Amino acid sequence: MANINQYGLKTADNTPVPLKKLEVQTEIQGFISNTSYTLTYENEEDKPVEASFVFPMDDSSAIFHFEAEIDGRRIVAECQDKDQAKQTYNDAMEAGKSAFLLAESEQSRDIFKCDVGNLPPKTSALVRLSYVTELDIQANGAVLYVLPVTIFQRYQLQRPEDTSGKVTAPETLHRAQDGKIPYEMDFNLKVISPREIVSVEFVDERDEKEAESDKGNEGNWYFSKTRIAGNFQWDHDISIKVLYIDPFEPHVVAEKGKADAEGILKHDMVMLNFFPNLEGEETRFATAELLFVMDRSGSMQGVNMKHGREALLECLKIIPKECIFNIISFGSSFQKLFDQSQIASEEKLELAKTEVENMEANMGGTEILGPLKNIMEPQDSLKNYPRQVFLFTDGGVGNSEHVISFIKENANTTRVFTFGIGDGVSTSLVKGAAHAGKGKCVMVKDTKDLASQAAQTLRCAMQPNVDEVKITFPQGIEATFFPSTFPPIFNGERMITYAVLKNSGEGNMTATLSGTINKRSIVHSLDFSMENCAADLAPVHRLAAKAAIKQMEEDETWQKPKKDEIIIMSTAANVISKYTAFVGVDHQGPTMQESSEKRDVPVPGPR
């Protein structure tokens with residue numbers, strides 16, 4: 001048997017690592033980022049290996065391409081039913097053929113696993129995947145781009161409905177300690193825009209010091225380029241804020257369909273970005289019940305708990321005195337500051353401030369469902385105090401679908417706003433919970449903007465729902481919206497929806513948003529054209545498909561199974577879902593005569 005000490009990159013326990021380099025190329029245009037990963041694998045051993053790489057990704061990302069190159073042969077993976085894809089992969093492995101599989105985790109929609117099977121001895125392979133992401137907007141109008149790097153082990157319950165007893169998570173993470181990953185990692189970012197780019201800033205000052213940056217003009221377009229490589233400490237997510245001139249200006253991203261495509265890719269698509277102005281006395285609750293739910297589980301230790309405390313303290317500073325409030329801490333169990341919600345008097349707020357300042361991450365596991373049921377299930381909430389829940393968490397749970405489903409079931413009596421805390425946050429949970437609860441999600445990456453983010457979130461919580469929402473186009477144009485249910489509308493906040501258009505032509509047209517708030521009508525319009533808007537990678541189509549898939553995945557947890565519908569949408573748009581996966585087989589390559597040795601690629605650990 002060969003001595004493994006003779007091989008190249010290794011883990012802390014001296015196990016060879018076949019992944020040698022991860023290169024990330026990202027281009028941001030407007031509110032959309034397009035990212036490609038290139039993974040360089042090299043098997044320096046004397047036997048075939050199977051390499052498994054687990055990595056995080058934002059819940060709103062749509063993976064639409066996966067391919068491999070080995071000894072000059074290019075294998076483009078196909079999006080298939082997940083069970084079929086796994087069978088294809090396993091059959092290839094048994095036959096001794098090199099194979100490639102990319103699938104979403106069974107436990108969470110924001111974790112993926114890439115398997116490279118039967119990589120021959122002394123052979124290299126390039127694996128590429130591409131995805132698009134709908135970017136969040138900060139309180140000051142800056143677009144937030146996050147390259148997820150770190151993953152926390154998600155806390156698991158014995159049964160989804162259980163609230164006691166932890167078991168080992170089904171997918172164990174192989175952690176690289178102190179960010180010292182045993183492979184190279186490069187990150188390259190380019191921002192391009194027809195509007196002036198005011199600034200491109202890293203959230204973490206350490207990243208700013210390590211980055212090489214450049215900016216300028218290319219014709220009528222502005223650009224900014226950034227690169228991080230070398231001995232960078234990959235122990236945290238890379239977060240970048242991009243601020244354009246006139247950031248709150250409504251606009252449309254139009255994209256022509258492809259005549260030779262099938263399904264959703266065949267038709268014209270638009271991404272509508274409204275910023276409605278709803279100012280007026282009738283757009284504010286006189287009173288409300290504000291319930292602040294703080295995660296104090298072990299995964300919140302350190303900087304996450306610090307950021308959580310500071311976010312909650314900012315909220316307490318601006319609670320309207322007419323409201324009632326309470327604070328609920330949770331971990332393996334939960335506790336309330338007050339037995340019942342109290343009027344926001346100076347005395348009670350000072351007591352709450354002292355409580356928050358002394359909070360530590362010392363309450364065990366992350367069991368969110370228990371406290372949420374306790375405060376949301378009672379239907380006898382005071383009529384004059386609409387219930388608003390604010391959840392502060394890193395989302396480190398393995399039963400996120402059940403949490404989201406419960407919030408959705410109670411959305412008519414309780415709105416939910418989430419603060420996603422720190423690096424490695426589960427975007428699947430914090431974004432999914434806010435969407436299901438008809439609220440909004442704030443990603444807390446630092447404390448610089450906490451005051452404005454807290455104030456903006458409280459303003460949204462004090463606003464009644466906008467009802468009877470419609471979007472119309474000129475007569476003769478047929479529109480199908482993705483998702484079919486419109487997101488909540490808040491004053492001055494971006495409202496995004498996607499629409500497939502039939503009979504749209506190429507002339508100028510208008511999309512009109514209308515609705516009512518406390519019986520007052522609102523109307524907002526967007527003008528656009530379908531001319532000169534072809535896009536080879538079809539990012540808007542992919543994001544629309546992802547939005548539709550997410551809605552179907554959420555709906556089936558409380559309505560009926562939608563597996564067949566999800567698979568149809570997923571394969572038509574080439575965007576993977578929890579029921580589909582990408583798989584490719586190198587049929588022309590050599591046949592391995594011995595079984596592959598399993599090699600798990602370590603993931604960066606949190607700081």
Side-chain angles (χ1 to χ4, degrees), residues 139 278-296 305-330 334-359 371-393 407 410-411 413-419 421 433-434 437-442 444 447 449-465 488 490-493 517-518:
L278 308 178
E279 290 291 353
E281 286 299 319
E282 67 275 22
T283 63
R284 186 182 184 277
F285 288 132
T287 59
E289 182 182 27
L290 310 178
L291 301 175
F292 301 96
V293 183
M294 174 61 76
D295 184 350
R296 292 174 56 185
M305 193 70 244
K306 177 178 180 290
H307 286 175
R309 284 194 301 264
E310 292 178 2
L312 180 45
L313 287 170
E314 290 293 343
C315 291
L316 292 178
K317 291 177 184 178
I318 53 177
I319 293 180
K321 62 182 181 180
E322 303 86 4
C323 292
I324 59 175
F325 80 105
N326 205 346
I327 296 175
I328 301 92
S329 298
F330 74 91
F334 67 91
Q335 60 190 38
K336 295 180 178 181
L337 176 59
F338 307 115
D339 291 336
Q340 292 183 325
S341 295
Q342 300 290 308
I343 288 289
S345 64
E346 289 186 15
E347 177 189 358
K348 298 300 183 184
L349 287 172
E350 191 61 34
L351 180 63
K353 178 183 175 183
T354 301
E355 171 76 8
V356 173
E357 288 174 339
N358 291 307
M359 283 182 173
L372 290 182
K373 285 186 174 182
N374 181 268
I375 62 178
M376 291 173 64
E377 280 188 336
Q379 300 300 312
D380 56 350
S381 121
L382 297 175
K383 182 178 179 182
N384 294 327
Y385 293 90
R387 186 186 297 139
Q388 317 290 317
V389 170
F390 304 85
L391 175 62
F392 302 77
T393 182
I407 291 173
N410 291 273
T413 59
T414 308
R415 273 198 308 204
V416 175
F417 299 82
T418 59
F419 288 78
I421 308 293
K438 300 180 180 179
K440 63 169 289 188
C441 173
V442 173
V444 179
T447 58
D449 301 321
L450 270 183
S452 58
Q453 288 177 326
Q456 187 181 43
T457 304
L458 262 292
R459 282 197 298 269
C460 292
M462 295 301 293
Q463 177 200 298
N465 290 327
F490 296 111
N491 180 41
E493 295 275 309
I517 180 166
N518 273 350

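All figures in this text were calculated on a predicted structure; none of them were measured in a lab.
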Contact check, side chains of [X] and [Y], non-hydrogen atoms, under 4.5 Å:
| X | Y | value |
| --- | --- | --- |
| C315 | F392 | yes |
| C460 | R415 | no |
| F330 | D295 | yes |
| F285 | P464 | yes |
| K348 | I343 | no |
| L372 | T414 | no |
| F390 | V442 | no |
| V293 | F334 | no |

So which atom in [X] and which in [Y] form the shortest heavy-atom distance, rounded to 0.1 Å?
| X | Y | answer |
| --- | --- | --- |
| P371 | I328 | CB-CG2, 4.0 Å |
| P320 | A344 | O-CB, 3.8 Å |
| G437 | A411 | CA-CB, 4.4 Å |
| T418 | A434 | OG1-CB, 3.6 Å |
| A454 | A311 | CB-O, 4.5 Å |

Self-check item: Criterion side-chain contact (heavy atoms from CB on, under 4.5 Å) on Q453 and L450, from CA distance to verdict
Solution: CA-CA 5 Å; Q453 288 177 326; L450 270 183; 3.9 Å; yes
Residue list, salt bridge (Lys or Arg N to Asp or Glu O under 4.0 Å) with [X], at least two apart or on another chain:
| X | result |
| --- | --- |
| K440 | E493 |
| K306 | E310 |
| K336 | none |

How long is the straight-line distance from [atom2] of [Y] back to [atom1] of [X], given to the nearest 0.5 Å?
| X | Y | atom1 | atom2 | result |
| --- | --- | --- | --- | --- |
| T457 | E314 | OG1 | CD | 11.5 Å |
| I421 | T393 | CD1 | OG1 | 8.0 Å |
| E279 | Q463 | CD | CD | 9.5 Å |
| L316 | E357 | CG | CD | 9.5 Å |
| K353 | I327 | NZ | CD1 | 12.5 Å |
| E355 | L313 | CD | CG | 11.0 Å |

Self-check item: Derivation and outcome, side chain to side chain donor-acceptor pair (under 3.5 Å), residues N410 and E377
Solution: CA-CA 7 Å; N410 291 273; E377 280 188 336; 5.8 Å; no
Quiz item: Would F292 and L337 satisfy side-chain contact (heavy atoms from CB on, under 4.5 Å), going step by step from the backbone distance to the final call?
Solution: CA-CA 10 Å; F292 301 96; L337 176 59; over 6 Å; no
Exercise. Go through the steps for M376 and T413 under the test side-chain contact (heavy atoms from CB on, under 4.5 Å), then give the verdict.
Key: CA-CA 8 Å; M376 291 173 64; T413 59; over 6 Å; no
[X]: partners by side-chain hydrogen bond (donor to acceptor under 3.5 Å, both in side chains), with sequence neighbours left out:
| X | value |
| --- | --- |
| N326 | none |
| T287 | none |
| S329 | R296 |

Quiz prompt | From CA spacing to verdict: side-chain contact (heavy atoms from CB on, under 4.5 Å), N491, R459 | solution = CA-CA 8 Å; N491 180 41; R459 282 197 298 269; over 6 Å; no
Practice problem: Mark yes when over 12 heavy atoms from residues, nucleotides or ligands other than D339 sit less than 6.0 Å from its CG; otherwise mark no. | Solution: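 No - once you tally the heavy atoms of other residues, nucleotides and ligands closer than 6.0 Å, there are 12 at most.
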